[in-house]
Amino acid sequence: MWNYRKKCFANSEKPKSEIEAMLNSELTFIESCLRNNPKSYGCWHQRCFVLLKLKTPDWKRELQLCNLFLQFDDRNFHCWDYRRFVCSHSNHPLKDEIDYTNKLIESNFSNYSSWHYRSKLLPEVYPDSSVGNKIAERKLLEELELVQNAFFTDPNDQSAWFYHKWLLGRGHPMQSILSLHVSRFPSTLTCTLRKPIKEEDCQQALVRVNGTVISGKWKPHSSACYMNTWTFTPHEKIGTGLISVSCQVDGVETQITMEIDDNEALCCAKNTIETFCESSSDAKLLVLEEELNSCRELNELEPDNKWVVLTLVFLMKAIDPIRFFSEMKELLKSLCIIDSKRSCYYQDLHSKYAVENWIICADLQSRKADLRNKGITRLCHVEFLVGLTHLDLSHNKLKALGSTFLVFPWLQELKADDNEITEIDGLKALPSLITLSLNSNGTILELR
Amino acid sequence: MDEVLPEEFDVILIGTGLPESVLSGALSRIGKTVLHVDSNEYYGGSWASFNIKTFDKLMSETQMHQEDNSNPVNLEALISEDEEFLLMSASQQNLSNCQSYCYLSKQPVEPNVVAGPDEVEISDEKDGPVDVATTAPTMVQKHSDTEDLSCRDVDFEERNNSDNDNEKPGVSDKQSGDPAKEKSTDNDSRNGQVDAFNNATSEEKLENASDQSSQADLPHKETPLFPFYEKFYENWRRFNLDLSPKVMFSRGQLVELLIQSNVCRYLEFRNVTRTLTVLSGENRLQPVPCSRADVFKSKFVTVVEKRILMRFLTLCANFEQHPQEYEAYKDRPFQDFLQSKHLSTKVQHFIIHSIAMVSEQTSTMEGLHATQKFLKSLGRYGSSHAFLYPMYGVGELPQAFSRLSAVFGGTFCLRRRVIGIVADKTSRAVKGVIDSTGQRIKCQHLVLDESHLPDICRSGFKREVSRAIYVTNKSVSPSETEEVSLITLPPIGNFPLYRVIEAGPLCCLSPKNYYVVHALTKPSCVDENAIVDLKETFHSAEKTMFAGTAAELEIANNNESDKQKPAVLWAAYFNMMSCGVNNDSLPGNVYVMSSPGFELGFDKAMNEARRTFEIICPDEEFLPRAPEPEEIVFDDEGYKSENNGNSRENSNEQPEAGNGDYMETEEDLQEEEEPDVQGLIDQEQGVGDHVSDGNGDNA
């Protein structure tokens, strides 16, 4: 029906002033429709259509309309969408919109719509100079305080916790080259990136040997569209002698020097705590520490509230994942009991932190990884481990050696004794694997 | 109103206060014949609201006995041998110690003549010494001459004593001490208008006076700090000042009754939008976090306090289900219980004084019930509001019920005094009343408000509530949007607990830019008869809430301190009296309704009305829903007038009924029914005419 009406407007041959009047009456009509059903996709879309058709749409009025509808139902996402549409077309100051979310949150903070809108607005109004998609620290600290008030008032309300997690969460990591591997025979160069890229982007990468750009072909490590690891086969073989190879890809560059006698060389980026969490200024650390303390208090007041415990973990992670690791481990363990339905999530979270901590401290250059007794259920951040030749995953809780294991081109020895492995699909694509140990595991179901 | 009334009614009600009016409505509604009389010329009795001129007049007149102009009634002709006659109290002694003040200066008449204004004022003062409306103010003008007033107080007191011997000890006290004291303060506050010019030694005063005159020289260049007296009184009709300000618990009996009976269609309400208090040791009003949103917003409590508070409130909301939590504290003070829950002093203060509204020593069970009552009311109309306040003041409530009564055939008669009750000597039952015109009217039951009780049924007078009313130039705690505030000032040192309600133009209590602040406190019961200076009684509350009076501030001029706080432009003080009922001397079918009292809500009054109704009509429904005018078949005089009333509705739409209202309306729809209907009462109408359409019945 709405489409039919749209067509009428689009094809009408009436004079412009008349159409304008018709459009205006259409607005009134839509409004009355919305009063009947404020959650009709059609109505809201029609309204967007009409407003774009109008010569001088009254955006202010539309904003008021949004206010009205949100007053009745502050979680009407149709209206939120429409509000964003209005704001994006009307140059309405975004700061006013933040104030608006302030108002809504004040009247009812159990409203994730407002928090979410806020999370969209803040990075635009208070952009952080260094990292994209984040907000300036001053504002961040204010927001932390605000949201803390919310979850202390009602710790069973999810919206505040989710918003808090968003605040703590780092922005998207920056692109970087995690490792670069060069081999003379066969002549290849393997580059592992932090963020996966598409083939088109990769083909634009530049490989220089001793400063000269050489041509060749990039191949993804598997058939997926986006990949972290790409292998470059030059048209001409890489020469002998001391060479310096550099690779520039997706806006980042790294360099590796190969000694005369070496057949291959691996260069891994140095990892620090900042690799996995945002660097924090002293001021922010102070606030986070305070928050940690008040959350501990909250935990005492509200024992066994999963949101509190989980947030404790997140806070510790943000402050110092290594110092707090054992405590985080305990908390995550208790979470598995409190919230048993999500125990796998908590275990995976623990695995993630364990692996991260290992990566931070490990000497990846040695190409040997000892991840025994970490209690991990899942191996993540494998892109950091691409260069490994030896990997020991014994005495963990792994259930499968799945497709994540497809990434080790040089892995010679893999030990995974005393796990719960029943699936080893990932092993079939380990070209260099020599030793495999899978003692004390479940029954391997199948190997395709 | 000297018309002859019908000879017989089922029930006669004397006094048009809230419980009487509710009863009157309930009785008419089920078809009882009802005569409702009030010796006043206004509805509401101790529950009435007045405009500011009427209020001034009331304050200056209450001490005087109402002139009884009617011819003496020949009682012997009306009463037979086997009947006894109980004389009604000659005066309504429900107010005492009344004073009202306006602190605004008069607009200068002759700006160039320095002494001009004063001369004018002096002469004016002579012209109209008592009538406030015409009295010219000096910079600080007490409307009724203080000395005069205190003399009258004494007079009143003495007359009182002649009625009641118990009160005698207080008299000498008062006569010796008080007038002198009052006089001295009066001199101070007058700050040398006449005095200053007569007394050259008082340099400071002279300065002030000349300051003022120089200010008067430039009336157009400098905007005065405060509006002139004339300007203030220009809008006298737009004030609605309650004798007994109260707020309605959103889940209280009154609200239920208004909805159930459909009386709400005569009324409009506003939410009480915030609760304020003062923490000990501070001199600043703070919002009390009551609802979830308040707690979230509050900047005055730490996050941990927030959590503990929320936990506690959640517990209180259905405490019956967790007896293990409070079992041990059942008979101990509420405060001990709060302490056991690790609530901080600040949060304890909030709960005791502003949420439960009890005292530290209240028992835990009582405290829990009070907290629960508050929490139940929270969120019914507006997510974070627990109270409603009627627009145009509490005085609208009795009128609305009176209207219901009139619509269903009740006969109303204002300005008609009942001089006494006729009771059967043997059965001790009331047979009827005799009014001031000498008419004897029969009745089955008689309902009286306390102030109309026959003297012999009284058991002594006492001050029940001390009141102060202020008109200020801004809110006690200004904010972006106009608020309706409920304020608790807990007892500090020698000062008692005050309850304060502040509202303004939003509730149509005052014209734009003015606020009305009602303060209530329980008089200290140290000596019932000692005359208390009410200004002194409210001193601590005033210090907390106001910067000072307009007159004081004008002298201090540009005093930076307390700029935030409002100035008092007008103030009135009085005591509300109540008397005990001597039930032994009361005939069985006479029911006495209590005075409004100190209670914040209306539950006590509603209970009383309901109980009385159940005694009079044991098997009838109390206030069933009244039909809408359009549902009524158009065949009856009484209903016709209802429709007339309805036509007035349209002309009465309040401009304030904007978005905020709309919002409330929506919320109400989620509830069962909508009490927020348009007010029928035309504000411009004089007090006392409100139910006039119902009066057609008794013509």
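Order of the sequence lines fixes the chain letters, A, B, ..., with proteins taken first and strands second; residue numbering starts at 1 for each chain. This is a predicted model, so every value here is computed, not measured.
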Residue part contacting chain B, namely of A:Glu302, when any heavy atom lies under 4.5 Å:
both

Any salt bridge linking A:Glu31 with A:Arg61? Criterion: basic side-chain nitrogen under 4.0 Å from a carboxylate oxygen.
yes

Is any side-chain heavy atom of A:Trp115 closer than 4.5 Å to a side-chain heavy atom of A:Val147?
yes

Between B:Arg380 and B:Glu256, does any NZ, NE, NH1 or NH2 come within less than 4.0 Å of an OD or OE carboxylate oxygen?
yes

Between chain B and each of A:Leu146, A:Ile105, A:Asp154, A:Asn108, count heavy-atom pairs under 4.5 Å; write down the option with the most.
A:Asp154

Answer with side chain, backbone, both or neither: which region of A:Leu298 has an atom nearer than 4.5 Å to a non-hydrogen atom of chain B?
side chain

Part of A:Glu106 lying under 4.5 Å from any heavy atom of chain B
both

Does the cation-pi check pass for B:Arg292 over A:Phe109, that is, NZ or CZ under 6.0 Å from the six-membered ring centre and within 45° of its axis?
yes

If the threshold is 4.0 Å, N to carboxylate O, is there a salt bridge linking A:Arg296 and A:Glu327?
yes

Less than 6.0 angstrom from the centroid, inside 45 degrees of the normal: does A:Arg83 satisfy that with respect to the ring of A:Tyr100?
yes

Most heavy-atom pairs under 4.5 angstrom with chain A, which of B:Leu309, B:Val295, B:Val304?
B:Val304

Among A:Glu143, A:Glu291, A:Gln148, side-chain hydrogen bond (donor to acceptor under 3.5 Å, both in side chains) partner for A:His164
A:Glu291

Under 4.5 Å heavy-atom distance to chain B, tell me which part of A:Asn102 shows up: side chain, backbone, both or neither.
neither

Do A:Arg323 and A:Asp320 meet the salt-bridge criterion of a basic N to acidic O distance under 4.0 Å?
yes

Quick test of your reading of the model: are B:Arg307 and A:Glu297 salt-bridged, counting only N-O distances below 4.0 Å?
no

Residue by residue, which of residues 341-357 of chain B have a heavy atom closer than 4.5 Å to a heavy atom belonging to chain A?
none

